> 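Quick one: structure below, then a few questions.
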Amino acid sequence: MPRRFGAFGGAYVPETLVPALAELERAWRSARRDPGFRSELRRWSRQLGGRPTPLYPAENFSRRGGGAEIWLKREDLLHGGAHKFNNALGQGLLARRMGKRRLIAETGAGQHGVATAMIGAALGLPTEVYMGRVDIERQAPNVQRMELLGATVHPVTAGRRTLKEAINAALRDWIGSVETTHYVLGSAVGPHPFPSMVCDFQSVIGREIVAQSRALWGRAPDLAVACVGGGSNAIGTFHPLLRTPVELLGVEAGGRGDGVGASSLTQGRPGILHGAYTYVLQDAEGQVRDTESVSAGLDYAAVGPEHAMLRASGRVRYVSVRDDQALRAFHWLAEDEGILPALEPSHALFAALREARRRPRRSRVVVTLSGRGDKDLEVVLQHGSHRPR
Ligand SMILES: *Cc1c(COP(=O)(O)O)cnc(C)c1O
């Protein structure tokens with residue numbers, strides 16, 4: 001488990017957290033070698049999560065591109081409706097193995113908070129979720145879900161009262177509670193060992209893509225595409241493919257197209273946020289900039305450090321897709337395939353279609369459909385004018 005990814009990563013944290021991170025790393029190293037833990041993780045993934053998720057040929061959507069075949073990795077069919085389950089389950093089982101009696105989490109749009117609340121309930125671990133006051137107002141249904149699942153939601157009123165401040169509040173709680181508490185960080189971000197550990201739990205996505213594509217057509221896909229917020233569904237998709245010739249494309253949120261959106265890899269500079277050295281959207285003084293995206297799940301000013309390395313090495317290409325383009329792709333998939341995608345992977349769908357258009361019919365593009373769109377209906381309906389004619 002690397003501490004650093006080239007120049008990126010590390011653990012820039014207050015001294016009080018160093019022992020907790022070391023304990024977590026030790027526990028995770030021992031768990032991942034333990035066949036008992038691995039089989040327990042597989043069993044819960046199957047019986048509660050619904051894994052493996054299908055690899056689905058989106059034939060009508062592919063026809064719209066008129067080039068390569070587009071296949072969807074259906075993480076939207078996972079329990080809770082998004083890939084976040086993979087990480088929350090893995091960390092929940094690890095917390096139980098470590099003898100922790102309480103889970104805490106941060107959440108932006110509420111998706112990771114809901115996933116952690118589900119796992120907390122299933123494993124019998126009381127769960128408390130930090131959420132910015134602004135997000136609580138914007139995402140009321142997810143707050144209600146968390147509470148129905150038995151979790152406590154703590155409003156965070158510092159700063160801009162969104163995800164960045166919620167992570168700070170969760171880290172502060174953890175500093176005072178590490179003996180009894182595990183902090184379930186929601187993406188492949190933050191200090192070591194979180195980026196590597198979250199990547200491990202999400203890599204089930206890429207491993208299944210490898211096995212399923214081999215069974216379906218006898219070889220790996222030509223291109224894999226995933227959206228990048230913090231970068232967990234993308235790194236989980238890419239990691240098992242890094243040593244193969246498969247082309248990899250990460251898609252960031254470009255917002256309205258008149259600012260930085262939430263494109264830390266294409267618009268940011270190296271800096272430190274939440275304990276990791278990585279690409280950060282910052283102004284000339286190094287202050288973290290405000291982000292904006294139609295998809296709450298991509299709205300984060302930094303990105304996991306492994307993506308920073310993969311960008312630097314050129315192994316993965318990163319592009320940015322605007323709000324209006326993602327909304328168009330949302331409607332295309334809904335009408336072509338009868339699937340309502342979340343707005344986050346709608347960014348990846350738009351980029352995938354653009355790529356497929358340029359490729360021959362016999363090539364194959366896999367897109368990770370990281371979540372379902374039910375949570376986004378209100379936003380989509382507000383933007384009714386993007387509906388395709
Ligand atoms: C949270 C979320 C994302 C973004 O998170 P990553 O860590 O970048 O994967 C993407 N899609 C969905 C559906 C989400 O809920």
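Quantities reported herein were computed from a predicted structural model and do not represent experimental measurements. Both counts, for ligands and for their atoms, begin at 1 and track the order of listing. All heavy atoms count here, side chains included; hydrogens, waters and symmetry mates do not.
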> So, regarding Ser232 and ligand 1 (criterion: nitrogen or oxygen to nitrogen or oxygen, under 3.5 Å), is there a contact or not?
yes
> What I want to know is whether Ala188 and ligand 1 share at least one N or O pair that is separated by under 3.5 angstrom.
no
> Within the 4.0 Å heavy-atom shell around Ser187, which atoms of ligand 1 are there?
6 (P), 7 (O)
> Heavy-atom distances under 4.0 Å decide this one: backbone, side chain, both or neither, for Lys84 against ligand 1?
side chain
> Just one of Phe8, Tyr318, Tyr300 clears the ring-ring contact (aromatic ring centres under 6.0 Å, His included) bar with Tyr279, so which one?
Phe8
> Evaluate Ser370 for polar contact with ligand 1, using N/O atom pairs at a separation under 3.5 Å.
yes
> Check each atom of ligand 1 against the heavy atoms of Gly371 and keep those under 4.0 Å away; list them by number with element.
13 (C)
> Would you say Gln202 contacts ligand 1, with heavy atoms under 4.0 Å as the rule?
no
> Quickly, which of Arg101, Glu128, Arg102 forms a side-chain hydrogen bond (donor to acceptor under 3.5 Å, both in side chains) with Thr181? Name it, please.
Arg102
> Answer yes or no: is there an ion pair linking Glu137 with Arg161, defined by an N-O contact shorter than 4.0 Å?
no
> Taking NZ, NE, NH1 and NH2 as the nitrogens, is one of them in Arg311 or Glu252 under 4.0 Å from a carboxylate oxygen of the other?
no
> Need the ligand 1 atom indices (1-based, order shown) with element for anything under 4.0 Å from a heavy-atom of Cys227.
10 (C)
> Centroid separation under 6.0 Å, is that true for the rings of Trp28 and Phe201?
yes
> Need the ligand 1 atom indices (1-based, order shown) with element for anything under 4.0 Å from a heavy-atom of Gly231.
6 (P), 7 (O), 8 (O)
> Output the list of atoms in ligand 1 that are nearer than 4.0 Å to some heavy atom of Gly229, sorted by atom number.
8 (O)
> Could you check whether Arg51 pairs with Glu208 (Lys NZ or Arg NE/NH1/NH2 to Asp/Glu carboxylate O, under 4.0 Å)?
yes
> Are Arg359 and Glu247 within salt-bridge range, i.e. N to O under 4.0 Å?
yes
> Mark up the atoms of ligand 1 that fall under 4.0 Å of a heavy atom belonging to Gln111, in ascending order.
15 (O)
> Going by atom types only, do Tyr183 and Gln91 share a side-chain donor-acceptor pair under 3.5 Å?
no
> Looking only at protein heavy atoms, identify the closest one to atom 4 (C) of ligand 1 and say how far it is in Å.
Gly297 O, 3.3 Å
